[in-house]
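To start, the structure itself, in structure tokens.
Throughout, residue positions are numbered sequentially from 1 according to the sequence presented. Worth knowing before you read on, the calculation uses all heavy atoms, side chains too, and leaves out hydrogens, waters and symmetry mates.
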Amino acid sequence: MQITFKLFATLMEYLPAAASKNSVTLEVGDAVTPNQLIDRFSVPRSQVHLVLVNGVYLAEADRDKPLREGDALAVWPPVAGG
């Protein structure tokens with residue numbers, strides 16, 4: 001199945017060379033989970049803060065549930081501002 005994987009801010013360095021801007025379209029197995037994709041691209045879990053699937057927040061407890069065809073997985077690191 002095909003999904004879109006997006007990384008933002010400092011996490012963009014973990015995207016493969018084929019990425020365009022901050023995202024890449026991937027062909028993945030039917031049972032792939034957000035955590036598996038995060039690990040596949042060696043994104044340190046300590047740097048994963050906000051995870052969205054199709055624009056909907058995904059709690060940490062739900063990140064081991066399989067993605068579906070056409071899903072867009074977006075990941076942000078912790079951010080600070082003032």
task = Taking all non-hydrogen atoms of both residues into account, name the closest pair between P77 and A9 and its distance.
result = CG-CB, 3.8 Å

E69 side-chain N/O to Q2 backbone N/O, donor-acceptor pair under 3.5 Å = yes

task = Look at the side chain of D71 and the backbone N and O of R68, then say whether any donor-acceptor pair between them is shorter than 3.5 Å.
result = yes

task = Could you grab the distance from atom CH2 of W76 to atom OG1 of T10, nearest 0.5 Å is fine?
result = 13.0 Å

request  = Please round to the nearest 0.5 Å and tell me the distance separating atom CG of L73 and atom CG of L58.
outcome  = 8.0 Å

Any side-chain heavy atom of [X] sitting closer than 4.5 Å to one from [Y]?
X	Y	value
L37	L26	yes
R40	V28	yes
R45	N35	yes
L7	V24	no
V75	L50	no
T33	R63	no
L67	M1	yes

query = Does a side-chain N-to-carboxylate-O contact under 4.0 Å join K65 and D62?
reply = yes

key: Q47/L11 under side chain to side chain contact (heavy atoms under 4.5 Å, CB included): CA gap, chis, key distance, verdict   = CA-CA 8 Å; Q47 292 301 304; L11 299 180; 3.8 Å; yes

ask   = Transitively linked via ILVMFWY side-chain contacts under 4.5 Å: L52 with L15?
value = no

query = Are Y57 and F8 linked, directly or through other ILVMFWY residues, by side chains that come within less than 4.5 angstrom of each other?
reply = yes

request  = Name all residues meeting the side-chain contact (heavy atoms from CB on, under 4.5 Å) criterion together with T4; count only those two or more places apart in sequence or in a different chain, and write none if there are none.
outcome  = K6, S23, T25, A72

ask   = Who else is in V56's hydrophobic cluster (ILVMFWY, side-chain heavy atoms under 4.5 Å, direct or via others)?
value = none

